[in-house]
Amino acid sequence: MEKSNGLRVILFPLPIQGCINPMIQLAKILHSRGFSITVIHTSFNAPKASSHPLFTFLQIQDGLSETETRTDDNTQLFTLLNRRCETPFRDCLTKLLQSSDSKTEEKKKRISCLIHDSGWTFTQNLDKILKLPRLILNVYTISYFRGHFVLPKLRREGYLLSQDSELDDLAEEFPPLRKKDLLRLLGEKRELLEPYLNMILESTKSSSGIIFMSCEELDQGSLSKAREDFKVPIFAIGPSHSNFPASSSSLFTQDETCIPWLDKQADKSVIYASFGSLASMTGSELIEIAWGLRNSDQPFLLVVRDGSVKGTEAIPEEVMARLNEKGKIVKWAPQQEILKHRAIGGFLTHNGMNSVVESVCEGVPMICLPFLWDQFLYARLVSDVWKVGIHLEHRIERNEIERAVRSLLFENEGEAIRERMELLKEKVERSVKQNGSAYRSLEHLVDHISSF
Ligand SMILES: Cc1cn([C@H]2C[C@H](O)[C@@H](COP(=O)(O)OP(=O)(O)O[C@H]3O[C@H](CO)[C@@H](O)[C@H](O)[C@H]3O)O2)c(=O)[nH]c1=O
Ligand SMILES: C[C@@H](CO)CCNc1ncnc2nc[nH]c12
């Protein structure tokens with residue numbers, strides 16, 4: 001760890017697991033470069049301060065009620081958060097800026113900038129008052145971020161298909177999505193999509209720079225295009241999961257019995273299945289997934305997050321007994337440790353950004369079952385572009401899942417996928433190592449922040 005460089009950075013994550021993890025990771029990276037870190041966070045989904053004794057945490061009151069947090073319209077949730085947080089955030093930051101002029105040793109560190117999730121849009125209203133450089137942390141791939149601004153237009157025009165046969169075709173409007181993916185994406189409940197995306201675009205363009213946790217190796221061609229689009233400095237600092245694990249920022253309690261259970265399994269034999277912190281499914285979909293895994297006759301570790309199954313359908317006891325012969329079902333798992341484990345042979349995933357990147361960094365091939373939003377795009381990157389996974393094509397059926405597991409573990413297709421995954425993993429590793437493209441981008445970011 002380098003010693004302090006006398007500068008403090010203020011971080012402001014969006015309060016969902018998939019956004020907290022990359023922000024805490026960024027905090028660890030910047031801290032290792034000598035920056036002091038203050039994290040401002042909402043009371044909703046507050047990160048555990050005690051897991052990060054080196055950082056300062058400040059909580060603001062978002063005033064969200066239980067029911068307001070339990071919506072299936074994510075855009076609505078983020079819009080509401082933006083409305084509720086503007087005043088408490090401004091007050092909190094103003095106080096901080098004032099006290100950093102004071103003389104105590106710790107507070108003397110100069111606040112150099114604010115880095116917030118791209119989903120916070122009210123912050124641009126404060127630029128004039130606070131006069132603090134503002135950078136955006138973007139948790140998407142560059143390709144998704146650039147591409148997704150077209151969604152409101154497609155929605156307005158009523159993106160439709162005339163022929164069933166077109167469903168598998170590439171969606172020219174937003175490659176590498178296929179038309180069927182785009183239909184699913186546009187079908188999501190998102191009442192406030194257009195105004196929200198407009199505000200994200202404005203806030204991004206008026207920022208002092210954008211940070212992506214992706215890199216050129218994962219986002220071929222998009223980086224130069226994004227520089228043209230947004231006209232602000234862009235830093236693609238890459239995923240550095242091996243140096244800075246994300247699991248310490250978990251909002252849920254991890255089931256620690258997973259690792260001893262994995263220790264008893266053969267090399268590359270286990271399918272790990274998990275679907276992130278937002279996706280939900282019906283009880284019968286869960287049962288199809290569980291039977292698909294069970295019928296493959298391979299050991300499996302399945303995460304069923306509390307609240308992720310719609311309705312009250314629990315897995316019937318006699319089914320549970322059959323599942324337990326081969327599998328282990330937990331509520332939340334130490335995912336990164338699991339993906340690192342020699343016993344893991346594949347990852348049945350919803351393709352959230354963090355899960356995909358963690359899987360690539362550990363070289364674990366995937367079976368793709370995206371549920372929403374950006375997940376559809378990463379699933380196509382995995383299956384159609386990088387070719388390091390098998391896509392279930394949105395069919396949640398036990399036979400399909402069983403077949404995918406067998407192909408991945410025992411057939412030529414799986415062998416080829418594993419070879420390509422090994423190459424992709426090495427490429428990304430090289431990128432974050434000294435003189436790699438992501439490494440150099442991080443150096444530029446550190447210089448940029450230090451220059452304010
Ligand atoms: C289910 C489960 C997850 N995790 C960790 C792994 C990941 O770092 C993190 C989940 O992040 P993701 O894989 O991106 O998934 P999720 O939480 O759904 O992420 C949301 O945010 C992501 C980033 O915006 C989006 O790409 C997703 O579409 C969106 O749903 O939580 C665990 O450590 N244990 C678990 O059991
Ligand atoms: C507000 C954005 C950053 O610009 C958070 C990223 N994650 C997400 N953003 C919007 N809708 C989502 N549905 C699931 N995850 C989502």
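Both ligands and their constituent atoms are indexed starting at 1 by order of listing.
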Output the list of atoms in ligand 1 that are nearer than 4.0 Å to some heavy atom of Val303, sorted by atom number. 36 (O)

Does a donor on one side chain sit under 3.5 Å from an acceptor on the other, for Arg305 and Ser274? no

Between His394 and Asp181, do the side chains contain a donor N or O and an acceptor N or O under 3.5 Å apart? yes

Within 4.0 Å of some non-hydrogen atom of Leu372, the atoms of ligand 2 are 13 (N), 14 (C)

Below 4.0 Å from any atom of ligand 2, is there a heavy atom belonging to Phe145? no

Interatomic spacing from CD in Glu285 to OG in Ser280 - rounded to 0.5 Å: 8.5 Å

When Ile259, Thr257, Thr253 are each screened for side-chain contact (heavy atoms from CB on, under 4.5 Å) with Asp255, the one that passes is Thr257

Roughly how far apart are Ile390 CD1 and Met366 CE, rounded to 0.5 Å? 12.0 Å

Cationic N near anionic O, under 4.0 Å, Arg395 to Glu393: no

Before signing off on this row, confirm whether Tyr140 and ligand 1 have an N or O atom pair separated by under 3.5 Å. no

Decide whether an N or O pair under 3.5 Å exists between Ser355 and ligand 1. yes

Is the Phe122 ring parallel, tilted or perpendicular to the Trp120 ring (thresholds 30°, 60°)? perpendicular

Yes or no: does Gln375 have any heavy atom under 4.0 Å from an atom of ligand 2? no

Would you call Tyr144 a ligand 2 contact, heavy-atom distance under 4.0 Å? no

If you compare Val304, Leu377, Asn21 by their heavy atoms, the one closest to atom 9 (C) of ligand 1 turns out to be Asn21

Select the closest option to atom 1 (C) of ligand 1 among Trp332, Tyr378, Phe252, judged by heavy-atom distance. Trp332

Distance under 4.0 Å to a non-hydrogen atom of Cys19: what atoms of ligand 2 satisfy this? 5 (C), 6 (C)

Parallel, tilted or perpendicular, as decided by the 30° and 60° cut-offs, for the rings of Phe145 and Phe230: tilted

Could you say whether the N/O atoms of Glu358 and ligand 1 ever approach to under 3.5 Å? yes

Atom 12 (C) of ligand 2 [closest protein heavy-atom partner, distance rounded to 0.1 Å]: Trp373 CD1, 3.1 Å

For ligand 1 and Met353, I'd like to know whether there is a polar contact (N/O to N/O, distance under 3.5 Å). yes

Show me which atoms of ligand 2 lie under 4.0 Å from any heavy atom of Val139. 6 (C)

Give the atoms of ligand 2, by number and element, whose distance to some non-hydrogen atom of Tyr196 is under 4.0 Å. 1 (C)

May I ask you to decide whether Arg322 forms a salt bridge with Glu325, counting only side-chain N to carboxylate O separations under 4.0 Å? yes

Under 4.0 Å from a heavy atom of Gln375: which atoms of ligand 1 are those, numbered in the order shown and with their elements? 27 (C), 28 (O), 29 (C), 30 (O)

Are the charged groups of Glu66 and Arg70 less than 4.0 angstrom apart, N to O? yes

Does a side-chain heavy-atom distance below 4.5 Å link Val446 with Phe35? yes

Residues Glu217 and Lys427 bridged, charged N to O under 4.0 Å: no

Quick check on side-chain contact (heavy atoms from CB on, under 4.5 Å): which of Ile40, Leu58, Asp62, Thr42 does Phe89 satisfy it with? Ile40

Determine whether Leu183 and Tyr159 satisfy the following criterion, side chain to side chain contact (heavy atoms under 4.5 Å, CB included), listing intermediate values before the conclusion. CA-CA 7 Å; Leu183 279 174; Tyr159 186 81; 3.8 Å; yes

Minimum distance, heavy atoms only, to atom 23 (C) of ligand 1: which one of Ser118, Ala273, Gly18, Ala333 is it? Gly18

Which atoms of ligand 1 sit under 4.0 Å from any heavy atom of Asn354? 7 (C), 8 (O), 11 (O), 12 (P), 13 (O), 14 (O)

Within the 4.0 Å heavy-atom shell around Gln17, which atoms of ligand 1 are there? 31 (O)

Within reach of ligand 2, part of Asn138 (heavy-atom separation under 4.0 Å): neither

Please list the nearest protein heavy atom to atom 7 (N) of ligand 2 with its residue and the distance rounded to 0.1 Å. Tyr140 OH, 3.5 Å

Going by the order shown, which atoms of ligand 2 are within less than 4.0 Å of some heavy atom of Gly119? 1 (C), 3 (C), 4 (O)

Looking at Lys153 and Glu157, does any basic side-chain N land under 4.0 Å from a carboxylate oxygen? yes

Specify the protein heavy atom at minimum distance from atom 13 (N) of ligand 2: its residue, its atom name, and the distance to 0.1 Å. Arg190 NH2, 3.0 Å

Need the ligand 2 atom indices (1-based, order shown) with element for anything under 4.0 Å from a heavy-atom of Phe78. 1 (C), 8 (C), 9 (N), 10 (C), 11 (N)

Relative to the heavy atoms of Leu14, which atoms of ligand 2 are at a distance of less than 4.0 Å? 1 (C), 5 (C)

Among Leu81, Leu201, Asn82, which one satisfies side-chain contact (heavy atoms from CB on, under 4.5 Å) with Thr121? Asn82

Thr79 vs Gln76, side chain to side chain contact (heavy atoms under 4.5 Å, CB included): CA-CA, chis, key distance, verdict: CA-CA 5 Å; Thr79 305; Gln76 192 188 347; 5.6 Å; no

Between ligand 1 and Gln254, is the shortest N or O to N or O distance under 3.5 Å? no

Which of the numbered atoms in ligand 1 are under 4.0 angstrom from any heavy atom belonging to Ser277? 16 (P), 17 (O), 18 (O)

For ligand 1, find out whether one of its N or O atoms is nearer than 3.5 Å to an N or O atom of His350. yes

Show the atoms of ligand 2 that are less than 4.0 angstrom away from any heavy atom in Leu278. 14 (C), 15 (N)

Looking at ligand 2, does any of its N/O atoms fall within less than 3.5 Å of an N/O of Asp374? no

Can you list the steps and then say if Glu68 with Arg84 is a salt bridge (charged side-chain N to carboxylate O under 4.0 Å, His left out)? CA-CA 12 Å; Glu68 283 170 329; Arg84 296 279 174 81; 2.8 Å; yes

Leu278 heavy atoms, cut-off 4.0 Å: which ligand 1 atoms fall inside? 18 (O), 29 (C), 30 (O)

For atom 4 (O) of ligand 2, the closest protein heavy atom turns out to be Ser118 OG, 2.6 Å

